[in-house]
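Have a look at the structure below before the remarks.
None of these values were measured; they are calculated from a predicted model. Order of the sequence lines sets the chain letters (A, B, ...), proteins ahead of strands, with each chain counted from 1.
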There are 2 protein chains.
Amino acid sequence: MTLTDLRYLVALARERHFGHAAERCNVSQPTLSVAIKKLEEELAVTLFERSAADVKITDIGARIVAQAEKVLLEAGQIKELATAGRDPLSGPLKVGVIYTIGPYLLPHLIPRVHEAAPSMPLLIQENYTARLAESLKRGDLDVIVVALPFEEPGIVTQAVYDEPFRVLMPSGHTWEKEEAIAASSLAEAPLLLLGAGNCFRDQVLEVCPMCRSGEGLQRTLEGSSLETIRHMVATGAGITVLPSSAADPLPDGNPLLRVRPFVAPEPFRRVALAWRVTYPRSGAIDVIRSAILASPLAGVRPVNR
Amino acid sequence: MTLTDLRYLVALARERHFGHAAERCNVSQPTLSVAIKKLEEELAVTLFERSAADVKITDIGARIVAQAEKVLLEAGQIKELATAGRDPLSGPLKVGVIYTIGPYLLPHLIPRVHEAAPSMPLLIQENYTARLAESLKRGDLDVIVVALPFEEPGIVTQAVYDEPFRVLMPSGHTWEKEEAIAASSLAEAPLLLLGAGNCFRDQVLEVCPMCRSGEGLQRTLEGSSLETIRHMVATGAGITVLPSSAADPLPDGNPLLRVRPFVAPEPFRRVALAWRVTYPRSGAIDVIRSAILASPLAGVRPVNR
DNA sequence: AATGGCGATAGAGATTAACTATACAACGCC
DNA sequence: GGCGTTGTATAGTTAATCTCTATCGCCATT
């Protein structure tokens, strides 16, 4: 029993004439005859009474035809689903973003994606890189926004932008009069850092290797966020390093805080998109990338692909 | 897209492993691989993300699989319908009976059929032979009970029983003292007859050809029934001829009526079943025949097949 | 760098589906 | 009653499709 057989069956039930039904199915009369006969043998029931005068459907035949129509209808739905699903910009997209990017990127990203792909709602999760990577590999996420380096088997990445780091200090700090800060000097001040698991923490420590050893001078704030640290800096608890998208939007006239760049070469992080090599909706990822690049993130430099 | 493809699809969605899914479908892994690939091409959507680690279903794939399961379920219903319909004794049987048999046969027939084939309800219609024949050919009836001769293209008949004719007369009639009545004498008395269209009327006139010409002596009662005629005979309006199944059950002590046989050779009618040569439920017809023969119809003689 | 698991691909063989041509059955017509 | 017409079934051939075995290639792991 195949869907073709069922189509023949339904056609014959409608036409009550092998020749006409065959014509409607664009096959020859013997083809349809044989198919019906085989179907009757397979089901071991007589579906039609053939006589010279006409073709009559049996009671059981009529019931089976009705069921066959239902099958064909449901099968047609598959094609409809496929047609509807063919557009990579339709259907929800599950996006993951690391904590140190989300709050600054998403307010810009979301409306832009909505405009570019109105029927692609975003399901967003913020988390650590490691957690995002796991979700991505499991299929719980479709694409994630992380900082490089990021290498995972089966995952491809595409750099989107570079983002320089800034030094954030309280007003009145001794470095306030400097134009730019040298990375090496970070070890001198109490440096407030995010907890382990945040890649940004590691990147900052890489900028200033001495900070790692100069124990006591840096303080790790578990379960915290950049915003929390910013407030702590404002109270004079220490200094910190922020990505430009988090640091630069601060009103320069903020009475309690001062932002300074690093001396060249500026340390920076490279932000990238990552997805499974096998992920089929590349069009959706393109939209995300474009929307990120269209977002006004302070200080960032696009990376040419 | 075939039902087989959909079975492969559903299996793969369940197993998330080409090899295992193929095994479950009793085919080789390449067979399943190719089938899925072709399905994806036909639908122009990616249903699964393949990677070394595992097989993930896409969102659109999951929706299509759900739909495919629905299709397979409905298709399975076809087999169930066929299995249920394979028994010729299941499902209603549309039976036609001529007016001069119905009232005497059906009260016996119906309970016997119900006992022999409980899941075969009878849909019964009484009518003239010509009307029954038409309905039978149209397919509105499955089998009819008529008197022979009955010849129609595409229709087969099977004699069931012979039924002798009786003379019915009011008490006190001059023939009351006769043991048996000669057919030729019928022309002498006012003979009450059914209206045109009833085959029994023609059969009676054939028994007594003189009645046709002896005008005035026979009276045609249009729109009447044997029972009505019986009552008229009781009032002394004339005599009539009845089939034995209608005449013999009359209590012989009935004060108003007398029943006499014809002198040999007794005239009789041959009652038969008729159905389309193409009708597939011959088992159902056998049940009807057996039930008729098991019915206690007064005076009838079974006809060996 | 080697290995093993897993899906994709290639090529051969077998099955099946379709066609054309024709047989066969039934009915209607002359 | 023979004959033509109509309509379905059958035969035989060809083509498409399905499925197989064998093998490749990729990737992740040891």
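The stretch residues 49-80 of chain A participates, sequence neighbours left out, in no ring-ring contact (aromatic ring centres under 6.0 Å, His included) pair at all.
A salt bridge does not link Glu80(B) with Arg86(B): every distance from a Lys NZ or Arg NE/NH1/NH2 to an Asp or Glu carboxylate oxygen is 4.0 Å or more. The pair Asp162(A)-Arg270(A) counts as a salt bridge, with a side-chain nitrogen and a carboxylate oxygen less than 4.0 angstrom apart. Ion pairing of Arg14(A) with Glu69(A) is present here, as a side-chain N (NZ or NE/NH1/NH2) and a carboxylate O approach within less than 4.0 Å. Under 4.0 Å is where a charged nitrogen must lie from a carboxylate oxygen, and between Arg138(B) and Glu134(B) at least one such pair does.
The side chain of Lys38(B) contributes no N or O atom lying less than 4.0 Å from OP1 or OP2 of dT17(D). Taking side-chain N and O atoms only, Thr31(B) has no distance below 4.0 Å to OP1 or OP2 of dC18(D).
Put simply, CG on Leu32(B) is 10 Å from P on dC20(D), counting in whole angstrom units. The separation between Ile36(A) atom CD1 and dA9(D) atom C1' is 13 Å, rounded to whole Å. Rounded to an integer number of Å, the gap from CD of Glu41(A) to P of dA9(D) is 11 Å. Regarding Lys137(A), its NZ atom lies at a distance of 13 Å from the C1' atom of dC27(D), rounded to whole Å. In this structure, Asn26(A) atom CG and dC19(C) atom C1' are separated by 14 Å, rounded to whole Å. Nucleotide dA10(C) holds its P atom 9 Å from the NZ atom of Lys37(B), rounded to whole Å. In this structure, CD of Glu151(A) is placed 12 Å from P of dA28(D), rounded to the nearest angstrom. Put simply, CD1 on Ile155(B) is 14 Å from C1' on dC27(C), counting in whole angstrom units.
Residue Asp5(A) is out of contact with every strand shown, counting any heavy-atom pair closer than 4.0 Å. Residue contacts shown for Tyr8(B) are limited to sugar-phosphate atoms, with no base heavy atom under 4.0 Å away.
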Dump the pairs, protein N or O against N or O of nucleotides 1-7 of chain C, anything under 3.5 Å, distances to one decimal.
from	atom 1	to	atom 2	distance (Å)
dG7(C)	OP1	Phe18(B)	N	3.3
dG7(C)	OP2	Phe18(B)	N	3.4
dG7(C)	OP2	Gly19(B)	N	3.4

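Closest-nucleotide positions on DNA chain D for Gly154(A) and Pro30(B) were compared, and the one nearer the 5' end corresponds to Pro30(B).
In this structure, Arg24(B) fails the cation-pi test against Tyr8(B), since its NZ or CZ atom is not both closer than 6.0 Å to the six-membered ring centre and inside 45 degrees of the ring normal.
Side-chain atoms of Arg269(B) and Thr100(B) include a donor-acceptor pair closer than 3.5 Å.
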